[in-house]
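Right, one structure below, let's go through it.
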Amino acid sequence: MKLLPQEIAHSVDAAIRAAQAAGDLPAFDVPEVKISAPKRAEQADYAASIAMQLAKPAGMPPPRIAEIIVKHLKAPKTIGSVEVVAGYINFNLSDDWLRGLVETLINDGADGAVIDVGAGKRAQVEFVSANPTGPLHIGRSRGAMVGDAMARVLQAAGYAVEREYYFNNAGQQMNNLARSMRYRYYQALGLSPLPEDCDERGEPYYKGAYLIDYAETLKAERGDSLKGADLPPFKQFAEERMFAMIKATLNRVDIHHDIFFNENSLYDSGEVWRTLEALDARGYIYKASVPEVDNTKGEKDEDAPEAGKAEATWFRSSRFGDEKDRVVVKSTGDATYTLPDIAYHVNKLDRGFDVCVNVLGADHFKQAQVVQHGLRALDRDPSKVHVIFVQMVRLVKDGEIMKSSTRAGNFETLDDLIDETSADAVRYNLMARSADSQMNFDLDLAVKQSNENPVYYIQYAYVRCAGIFREAALRGVTDVGADLSLLGEAELRFLRRAAQLPDVIEASARQFEPHQIAFYALELANLFHPIFDTVRVLHSEVPPEVAAARLRFFRAAQTVFKRLLNMMGMTAPETM
RNA sequence: GCCCCCGUAGCUCAGUGGAUAGAGCAGUGGUUUCCUAAACCAUGUGCGCGGGUUCGAUUCCCGCCGGGGGCACCA
């Protein structure tokens, strides 16, 4: 489909230049023409406020400028009428073109690209990326829904999209998981846990009950043969189990990653240390016990290095505006998380993606900045990496904010949430808000309102269409060869808004804001339901040829709703 | 101390340098011989405060106030 605002903007720009050439407008630099849809749909389908902007450079009142522009305007054939109101140039879509849109929407279908802004480009969306140390909790869930919806929107915008899950299996967290696994295994065997597997209170690091179950499985599979064994078999067993669990959960909300990329592979391939060498070769690395540049002020005294402490390896991130340099290799010789993270992003960009989207929690802001500095230091283009920072989700239950911690084992998991509501409700509620906005997820409300939700309101629009087609088939009514000129004002009202589908997808993709789709879907459903109630198809007083046209219209509407539901990762049920 | 996000209707949240700031939920009152009432119709004195830029600011800038997150030789 076409991006109408773009088309209109070009014609307005051309008209201004033509007016200047003809001497109707004085010479001045023509600013970018912005076309927007007015808030109030009855005012116009699209409007330009360019005449107001030109009042000063042109030295004329806006209405006069608008009239001059319109005089020179060669409007696209999608436009039925142009009028000047209070200095605005208002554009209305032609009714004939809108009726033709019915066929366009049906032919475009519910999957695949709607527009071609991403044609020939590759996009990658990295999301979830939770370390496999336990079930997915709701904090990660938001990023999961946002990331997958983002991927779907980019696909609709024409990009070839890959979904990636990055996980860290080289660090302390996974060792703690392995120790906790061994702790529970010893327990299952009726033995006392090893002292090194206990935290300061003699408990396992990860306290989740799932490890107790897995210990039983491990005991059943291996008996006591692992008694006295080192950590690796426990780590491997736990990691496999955790991933099976995470994938099963994600499958419930129809999220499937193309690539699972693990940190260990960056060590195996040597990329981590090559990254360090590359940084060093460019003069961004030094050894010291304290940073050379540290402009941070405040209460950091407790972390002040002790005299004579061994030297760490630092990255001069301050060269790129960071307030202090960052450690990339600890004095122990181990890399911090930062180094493999930079290596990972170099790896990603070198795979040739035109755009990489990372969905991260807001608490990763600083880390993401350091990675950007690292990419710049290594002559990669950081602007190709766009990070969606997802603000925190706070769980509210019984009017109180719940603290969640994976290690305490009392979290609300994504699985719990799906069980309490539904996969569709979870997907919608977690992706339908701006990532920038912190959200309260009221569990009681989510359960209570699950029958009065926008989720069902949108799905019901699809279901009602499906109902007509079932009944039409029984009565032998078809939309084949429908005469679309028989469509009325109500249908055109819906089609006017549906014509903005490409605009919404373009904006959602360009601004990396999948929630725009959710609001658009709700608005369309809002337009749809009243129309459905008044525009009858299978009614004794509706002439057959009108019925056919309306049926065709509802097929287009159904297709649009299916596409919107697809983009949000929601199901389109035939009945409810 | 510094950096980032947020502050819009009773609640949860959209939104925009421009024409009368919107949705859902909750509340109240109505609607069904015909494609599912998970629907429709009616009902709304709100952009945290103070400056600035602009023809025009809820939107951009600065300063406050309030909420959240970050400023590790953790990942």
Side-chain angles (χ1 to χ4, degrees), chain A residues 34 36 38-40 43-44 47 49 52-53 55-56 61-62 85-88 90 131 133 168 170-174 263 289-291 295-300 303 305 309-314 322-324 326-332 334-338 340-341 361-367 369 389 391-392 394 429 432-442 445 448-457 459-461 463-472 474-475 477 515-516 518-519 522-523 526 529-530 532-542 547 550-551 554 575-576:
Chain A
K34 293 202 178 100
S36 60
K39 285 174 218 165
R40 309 179 70 79
Q43 283 166 337
S49 61
M52 266 82 104
Q53 289 172 58
K56 190 177 266 186
V85 180
Y88 292 92
N90 286 345
N131 283 344
T133 57
N168 173 282
Q172 198 52 44
Q173 279 189 10
M174 288 303 290
E263 185 191 14
S289 58
V290 293
N295 294 323
T296 55
K297 300 193 168 50
E299 320 81 50
K300 305 296 292 178
D303 294 332
K309 187 169 182 178
E311 293 192 324
T313 304
W314 298 79
D322 203 350
E323 68 264 28
K324 65 176 287 189
R326 307 286 163 178
V327 170
V328 286
V329 182
K330 295 182 252 184
S331 53
T332 59
D334 297 325
T336 62
Y337 182 75
T338 302
D341 210 7
D363 53 338
H364 285 68
F365 182 78
K366 191 78 234 172
Q367 179 64 25
Q369 271 191 330
F389 290 104
Q391 296 295 317
M392 299 292 154
R394 292 190 301 187
N429 283 302
R433 290 173 168 78
S434 160
D436 279 343
S437 138
Q438 208 175 93
M439 65 180 279
N440 289 341
F441 198 110
D442 191 320
L445 216 54
K448 198 176 104 195
Q449 292 182 350
S450 61
N451 280 338
E452 296 287 330
N453 248 322
V455 177
Y456 300 95
Y457 190 75
Q459 286 179 323
Y460 191 47
V463 168
R464 293 181 107 176
C465 292
I468 301 182
F469 286 105
R470 271 195 307 274
E471 188 61 26
L474 291 177
R475 302 192 194 181
V477 179
H515 75 274
Q516 290 188 23
F519 280 89
L522 189 56
E523 283 171 29
N526 242 322
H529 286 298
F532 183 91
D533 274 3
T534 53
V535 179
R536 313 298 292 185
V537 177
L538 307 172
H539 188 282
S540 49
E541 288 172 20
V542 176
R550 290 179 176 177
L551 201 54
F554 281 114
T575 57
M576 279 172 70

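Keep in mind the model is a prediction, meaning the values are calculated, not measured. Below, all heavy atoms of this structure are taken into account, side chains as well, without hydrogens, waters or symmetry copies. Here is the naming used below: chain letters follow the sequence lines, and residue numbers restart at 1 for every chain.
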Select base, sugar-phosphate, or nothing to describe what [X] touches, counting heavy atoms under 4.0 Å on all strands.
X: A:Q43; answer: base
X: A:A362; answer: sugar-phosphate
X: A:P38; answer: base
X: A:V542; answer: nothing
X: A:N131; answer: sugar-phosphate
X: A:H515; answer: sugar-phosphate
X: A:S434; answer: sugar-phosphate

**OP:** Ignoring hydrogens and angles, answer whether the base of B:A19 and the side-chain atoms of A:N90 contain a donor-acceptor pair closer than 3.5 Å.
**Re:**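 Between B:A19 and A:N90, which were checked side chain against base, a qualifying N/O pair under 3.5 Å is present.
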
Original post:
Any donor-acceptor pair under 3.5 Å joining the side chain of A:Q367 to the base of B:A75?
Top reply: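 When only heavy-atom distances are counted, A:Q367 does reach the base of B:A75 through a donor-acceptor pair under 3.5 Å.
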
I need the [X] [atom1] to [Y] [atom2] distance, nearest 0.5 Å.
X: A:L551; Y: A:F469; atom1: CG; atom2: CZ; result: 4.0 Å
X: A:T336; Y: A:W314; atom1: OG1; atom2: CH2; result: 10.0 Å
X: A:Q391; Y: A:D363; atom1: CD; atom2: CG; result: 9.5 Å
X: A:T338; Y: A:R326; atom1: OG1; atom2: CZ; result: 8.0 Å
X: A:Q367; Y: A:Q369; atom1: CD; atom2: CD; result: 10.5 Å

Counting only side-chain heavy atoms from C-beta out, which of [options] sits nearest to [X]?
X: A:L522; options: B:A14, B:A23, B:A19; answer: B:A23
X: A:A47; options: B:A19, B:A38, B:G24; answer: B:A19
X: A:V537; options: B:C73, B:A75, B:C35; answer: B:C35
X: A:T336; options: B:C35, B:C74, B:C13; answer: B:C74

Could you give the [atom1]-to-[atom2] distance, from [X] to [N], as a whole number of Å?
X: A:R433; N: B:G15; atom1: CZ; atom2: C1'; value: 15 Å
X: A:L538; N: B:C35; atom1: CG; atom2: P; value: 9 Å
X: A:M439; N: B:A14; atom1: CE; atom2: P; value: 9 Å
X: A:N168; N: B:C74; atom1: CG; atom2: C1'; value: 10 Å
X: A:Q53; N: B:G17; atom1: CD; atom2: P; value: 11 Å
X: A:R326; N: B:C74; atom1: CZ; atom2: P; value: 13 Å
X: A:E541; N: B:C35; atom1: CD; atom2: P; value: 14 Å
X: A:F519; N: B:G24; atom1: CZ; atom2: P; value: 11 Å

In whole angstrom, give me the gap between the [atom1] atoms of [N] and [M].
N: B:C41; M: B:C5; atom1: P; value: 39 Å
N: B:C61; M: B:G7; atom1: P; value: 14 Å
N: B:U59; M: B:C6; atom1: P; value: 13 Å
N: B:C55; M: B:C13; atom1: P; value: 38 Å
N: B:C65; M: B:G22; atom1: P; value: 33 Å
N: B:A14; M: B:A21; atom1: C1'; value: 11 Å
N: B:U28; M: B:G44; atom1: C1'; value: 13 Å
N: B:A9; M: B:G48; atom1: P; value: 8 Å

Within the pair [X] and [N], is there a side-chain N or O less than 4.0 Å away from OP1 or OP2?
X: A:K330; N: B:A72; answer: no
X: A:R536; N: B:C35; answer: yes
X: A:R40; N: B:A21; answer: no
X: A:K366; N: B:C71; answer: no

**OP:** Fill in the dot-bracket string of RNA chain B, one character per base: . for unpaired, | for a pair to another strand, ( ) or [ ] for pairs within the strand, taking Watson-Crick or G-U pairs under 3.5 Å.
**Re:** (((((((..((((....[...)))).(((((.......)))))....(((((..]....))))))))))))....

Subject >> For the student: nearest non-hydrogen atoms of A:Y457 and A:H529, plus distance >> reply: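 Closest heavy-atom pair between A:Y457 and A:H529: O-NE2, 3.0 Å.
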
Original post:
For RNA chain B, whose closest nucleotide is more 5', that of A:K56 or that of A:R470?
Top reply: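 Upstream on the strand: A:R470.
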
Subject >> Nearest-nucleotide comparison on RNA chain B, the residue closer to the 5′ end among A:H364 and A:Q516 >> reply: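 The residue mapped nearer the 5' terminus is A:Q516.
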
Check: protein-nucleotides 40-47 of chain B nitrogen or oxygen pairs below 3.5 Å:
{"residue": "B:C40", "atom": "OP1", "partner": "A:Y457", "partner atom": "OH", "Å": "2.5"}
{"residue": "B:C40", "atom": "O4'", "partner": "A:D533", "partner atom": "OD2", "Å": "2.7"}

Name the pairs: protein N/O against N/O of nucleotides 2-9 of chain B, kept only if under 3.5 Å.
{"residue": "B:C5", "atom": "O2'", "partner": "A:D436", "partner atom": "O", "Å": "2.3"}

Original post:
Do A:D322 and A:K366 have side-chain heavy atoms sitting under 4.5 Å apart?
Top reply: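 Yes, at least one pair of side-chain atoms sits under 4.5 Å.
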
Original post:
Taking the side chain as C-beta and beyond, is there a heavy-atom pair between A:D533 and A:R464 under 4.5 Å?
Top reply: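 They are in side-chain contact.
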
Original post:
Would you say A:N168's side chain and A:N131's backbone share a donor-acceptor pair under 3.5 angstrom?
Top reply: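 Side chain of A:N168 to backbone of A:N131: no pair is present.
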
